[in-house]
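To keep things clear, I will list the structure first and then write my remarks on it.
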Amino acid sequence: MIHMTNISKSYNKGEIKAVDNLSLHIRPGEIFGFLGPNGAGKTTTIKMIVGLLNPDKGSIVINGHDIENETIEAKQSIGYVPDNPNIYDRLNGIEYLNFLADVYRVSEDVRRERIEYLLNMFGLTDAAYDPINTYSHGMKQKIVLTGALIHEPAVWILDEPMVGLDPKSSHFLKEYMREHCNRGNTVFFSTHVLEVAERLCDRIGIINKGKLIAIGTMNELRGGEHAESLESIFLELTEI
Amino acid sequence: MRPITSLIKINLKVNFGISVLRHKLKHQKDKRIEFIASAIAILVAICSLIFMYTFILMGLYRQSMAINQPGLIIAYGFVVTQLMTFIFGIIYIMSAFYFSNDLSILVPLPLTAGDVMLAKFITILANEYLVVLPMLLPPIIIYGINEIASPIFGIKAVILIIFAPIIPLAIATIIIMILMRFINLSRHKDALTIIGGVLSIFIVIALNVVSQNMTGTEEDMLFKAQLDLLEIVGKKFPPSLWASRGLVYGGTEGLLNFLVFIVVSLLLFVGLIALANRVFYKGLLAGQEASKKKVHRPIKDKSIKRHHPVFSLFMKEWKLFLRTPIYAVNGLIGIILMPILILLPIITEDSELQELQSLIHAPGAEMVITLIGIALIIFTATMTLIASTAISREGSTFWISKIIPISPREQIFAKLLHAMAIALIGIFITGSAYALILNVSPARLLVMLLIGSLASMAINILSLIIDVIKPKLDWDNPQEAVKKNINGLYGMLISFLIIGLLGFVVFLLFDRGEMAIYSAISVLLIILNFLALKLLFKKADKTYRKLEL
């Protein structure tokens, strides 16, 4: 579903290598957790996948479409939630969702059903007609999440999705991620909450200083030893 | 470093963007040329304004010499400066003291309200000097050179310049702080912006009515108007007179006036801090206690509707434009103001109007009137800044435009539709007002509207190209996207260029008759539109891909 081949990205004319020759292959039906210390290159990688940053080299293929050459088709397959929900403050919730449904070409019946369901699950129905600039951080996060799901994207890409969510919404989100993958789709998300990653992800990748330093299922990461937690693996691997 | 000194330093740095600029100049070498270029552009603009101002002052000086009052020019300088400081001050203080984003960081710090106010006040003061210096230096220099001033004059001048903005700014601050304590203005922030916009429309209209009622030679009138201004402001606001007397007069009277000005400035400043400690935070926090009852509202079926993506993008532009007061006021002010100004002679029953209307039927006049009408229409339609800030206005939400599966050219096309929709409204209203007042025939009105639309389309496309190439996405306050955006200035330049170009064509073909002129202009504009649109789409595809967030 997501094929990243040898992608690199550097800043300041090559002085800082944010992502260094990264290759990753995320399969259909898989929840993939992307971990790493602050400044390791998580957000840079995510931004390259969704087309906000252009890789210096390497290729990214989403759902069979190259993000460079078949941009529109690739984007149609992605639902993206950024780490900072800056959206059109002066629209109300419904207007924002309708706008996204229009640009992702979702039919009227389908969007009605999804908007009602998702807003209800996130407890946002009562605020649907309020301008977004009256929303709290968590509410904005939820409306962005709803917007990113409105077209049932084949690939769901989330940057720190749990931040700011209340326990009920966070629980719903995790359930929904699993359901989404059970329908053959893919979820790729970054997080600092290792317990969530440990319980939720089919596979985990750890990035440090722009390089992928570990990848696999929890079992593979433990190397057969059962006792070790993801936290101790993470601390061990990312130690300087 | 004492906390208050550190706070002032930080505030000044943020205000002038020093750290960001240093980082850019150090690490992004390509930004250097851009920085120098925009610095030169701004400098040229400011210098030409100062030149005009000095020109007016020279005239004033000559006339005040004639009535043996050479000091008038200094009084005028102080009055104008302090009036401007006060007006700008009110706006600056409102936004810095009550609507600023850094307040949520500053309020919890272990600093007094007076400290926070002081730091913000000094930052605004620093901004005001950028107005004060070019306003006060020319009159002082003109007076100093002509009257052969002493070194004491120089010393007094420097001190007075430093103190000049303090009194008006302190008064503005006190007014705002007391207002905010009792009226919860922050809940009506949007309304305030609109009121400000409407008020400025009225000021322009009032100035026009006044100037139309003036008789006598222009320079005499200007002089009389300036004297009136001096008298009014001098009576209501004596500090300007203290300052100018303190500078111009010698002996005890001069010294007394000088000292009164300085002491009153200092007293107000100290009083301001005392007041801030008592009311600043109370007013600020009162503004944030907004509460609303939650009612259960189910999702209405009819609010969920499907539209074509380009139409949806266009509607989004409309909604954001109309609901962000600073955009709406800026974009609509021109198309509201121009027709009113055109129709004003009818409303005020100007006698010259009848003379003008009788001239229209002179041979050749009809063509000239049509051409002037076209120029006027083009000018109105492009004062809006909508196209030249179309991408900049997206700011931190631009990521949405980058990720949605809609090609850049379709997105830009929606923006062009939006700019054109407003331009067409302006063209229609202005054209009709102009035709009505000058008895222009329907056929000529049609020509005016057609050519005006073609020209404004070209200007909008070219303005969009500019904003596509270098959008200003990095802003916190929507005001910066329009007011502090150099692309708006470039957009205006383009409309002048287009009007100039059309003027040149008219000049070349003037003897060939009307039909030749109109058809030549139309063909030229159609070709220009076609080429510009192609370039716009090409640039949009490239930039949307290239811009990284």
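Order of the sequence lines sets the chain letters (A, B, ...), proteins ahead of strands, with each chain counted from 1. Computed from a predicted model, the values in this text were never measured in an experiment.
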_Applying side chain to side chain contact (heavy atoms under 4.5 Å, CB included) to A:Leu91 and B:Arg323, what does each step give before you reach the verdict?_
CA-CA 8 Å; A:Leu91 296 185; B:Arg323 291 176 194 175; 4.0 Å; yes
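- The line from CZ of A:Arg90 to OH of B:Tyr327 is 8.5 Å long, rounded to the nearest 0.5 Å.
- Across every non-hydrogen atom of B:Ile404 and A:Tyr104, the tightest pair is CA-OH, 4.0 Å.
- Interface remark: of the candidates B:Leu313, B:Leu547, B:Ile406, B:Ile406 forms the most heavy-atom pairs closer than 4.5 Å to chain A.
- If you take CD1 on B:Ile400 and CD1 on A:Ile87, they are separated by 6.5 Å, rounding to the nearest 0.5 Å.
- Between A:Thr71 atom OG1 and B:Ile403 atom CD1 the span is 13.5 Å, to the nearest 0.5 Å.
- At most 12 non-hydrogen atoms from other residues, nucleotides or ligands lie less than 6.0 angstrom from CZ of B:Phe413.
- At a threshold of 4.0 Å, the pair B:Lys319-A:Glu95 counts as salt-bridged, since one of the basic side-chain nitrogens sits closer than that to a carboxylate oxygen.
- Residues of residues 48-69 of chain A lying within less than 4.5 angstrom of chain B, judged on heavy atoms, are A:Val50, A:Gly51, A:Leu52, A:Leu53, A:Asn54, A:Glu68 in numerical order.
- At least one side-chain heavy atom of B:Ser407 sits under 4.5 Å from a side-chain heavy atom of A:Ile72.
- Of all residues in residues 32-47 of chain A, those placing a non-hydrogen atom less than 4.5 angstrom from a non-hydrogen atom of chain B are A:Lys47.
- No more than 12 heavy atoms of other residues, nucleotides or ligands sit less than 6.0 Å from atom NE2 of A:His171.
- The 12-atom threshold is exceeded at NZ of A:Lys174, counting heavy atoms of other residues, nucleotides or ligands nearer than 6.0 Å.
- For A:Asp109, no part lies under 4.5 angstrom from a heavy atom of chain B.
- Looking only at side-chain heavy atoms (C-beta outward), A:Asp102 and B:Phe311 stay at 4.5 Å or farther from each other.
- For A:Glu152, the salt bridge (charged side-chain N to carboxylate O under 4.0 Å, His left out) partners are A:Arg183, not counting sequence neighbours.
- Against chain B, the residues from residues 76-86 of chain A that qualify, each with a non-hydrogen atom under 4.5 angstrom away, are A:Gln76, A:Tyr80, A:Pro82, A:Asn86 in number order.
- Residue with the most contacts toward chain A among B:Val310, B:Leu322, B:Thr324: B:Thr324 (heavy-atom pairs, distance under 4.5 Å).
- Within 6.0 Å of CG on A:Asp166 lie more than 12 heavy atoms contributed by other residues, nucleotides or ligands.
- If you tally non-hydrogen atom pairs under 4.5 Å between each of A:Val106, A:Leu100, A:Ile115, A:Leu119 and chain B, the highest count goes to A:Val106.
- Minimum heavy-atom separation, B:Ser303 to A:Asn98: O-ND2, 2.6 Å.
- Heavy-atom pairs under 4.5 Å with chain A were tallied for B:Lys300, B:Lys305, B:Arg306; the largest tally goes to B:Arg306.
- Environment of CD in B:Glu548: crowded, with over 12 heavy atoms of neighbouring residues, nucleotides or ligands closer than 6.0 Å.
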